[in-house]
Amino acid sequence: MILLGVDPHKSTHTATAVEPESNQQVGAMRIEASLTHYRRLLSWAKRWPQRKWAVENANGLGRHLAQWLIARGESVVDVPAAATSRVRELSRGGRRKNDQIDAAAAATVAYLQGDGRNVEPEDHTTALALLDERRVNLAQGRVRTVNQLHALLRTAAVRPSRRRRRDRPQGHRLGSGRRDPEAG
């Protein structure tokens, strides 16, 4: 069995394959946080038929990847960030930190300490809540964009220039179409 520890971030994820008995890293990969790269990560992991994923913070930054893996039949555990930090400090002296070390620490926590919790697929209510949150965010973004556009148009509105006023006949009122009798 190989443990695949994942250290997720907003734009990238780092995965490290760890042999649990020897605690040796047997491979590592860094990917962009996108579906195309998730497929590449899973293809890379298939070299180990007996595998388990240990995703740090699988309910936070690692949520999308964890749910994507579960939907493809993979076994995923959530590893708390505090537990990963503890293992990293104890095993590496605490000063050294990088994504690959964090990913290996997630795998170690899942195996040695059993701090990992199995991640379950989300039900329909969770998916609908996420869709509703996205809808609200899009609507708020639209309102912000419209307000910004309105502000730009207000400041850039064409005001009558002095040149245009001089071109009007003397005594001409704006909008009336008649001459002003007092203007002479």
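Just so we're clear, the structure is a prediction, and the values are computed from it rather than from any experiment. FYI, side chains are in, hydrogens and waters are out, and symmetry mates aren't considered; it's all heavy atoms of this structure. Sequence positions, counted from 1, serve as the residue numbers for this chain.
Residues Leu69 and Met1 do not share a hydrophobic cluster, clusters being chains of Ile/Leu/Val/Met/Phe/Trp/Tyr side chains in contact below 4.5 Å. Both Leu4 and Val119 belong to a common hydrophobic cluster when Ile, Leu, Val, Met, Phe, Trp and Tyr are linked at side-chain heavy-atom distances under 4.5 angstrom.
Side-chain polar atoms of Thr12 and His9 form no donor-acceptor pair below 3.5 angstrom.
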*Begin from the C-alpha positions of Arg30 and Asp7 and carry the test side-chain contact (heavy atoms from CB on, under 4.5 Å) through to its verdict.*
CA-CA 9 Å; Arg30 183 181 178 118; Asp7 183 30; over 6 Å; no
*Decide yes or no on side-chain contact (heavy atoms from CB on, under 4.5 Å) for Trp53 and Val77, but give the supporting numbers first.*
CA-CA 6 Å; Trp53 297 86; Val77 295; over 6 Å; no
*Step by step, work out the side-chain contact (heavy atoms from CB on, under 4.5 Å) result for Gln50 and Ile2.*
CA-CA 6 Å; Gln50 297 294 320; Ile2 289 291; over 6 Å; no
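The shortest heavy-atom contact between Trp44 and Gly27 is CZ2-C, 3.7 Å. Here the shortest heavy-atom pairing between Ala17 and Trp48 reads CB-CH2, 3.6 Å.
Annotation: the span from Leu138 atom CG to Glu133 atom CD amounts to 11.0 Å, rounded to 0.5 Å. Rounding to the nearest 0.5 Å places NZ of Lys10 at 7.5 Å from CG of Leu61. In this structure, the separation between CG on Asn59 and CD on Gln67 is 8.0 Å, given to the nearest 0.5 Å. Atom NE2 of residue His13 and atom CD1 of residue Ile31 lie 5.5 Å apart, to the nearest 0.5 angstrom. Once rounded to the nearest 0.5 Å, the distance linking CD1 of Ile70 with CG of Asn118 reads 8.5 Å. Taken to the nearest 0.5 Å, the CG atom of Leu65 stands 13.0 Å off from the NE2 atom of His37.
Glu56 places none of its side-chain heavy atoms less than 4.5 Å from the side chain of Val6.
Within the structure, salt bridge (Lys or Arg N to Asp or Glu O under 4.0 Å) pairs that include any residue of residues 37-54 comprise Arg51-Glu74 (at least two apart or interchain).
Summarising the local packing, CZ of Arg72 is surrounded by more than 12 heavy atoms from other residues, nucleotides or ligands at distances under 6.0 Å.
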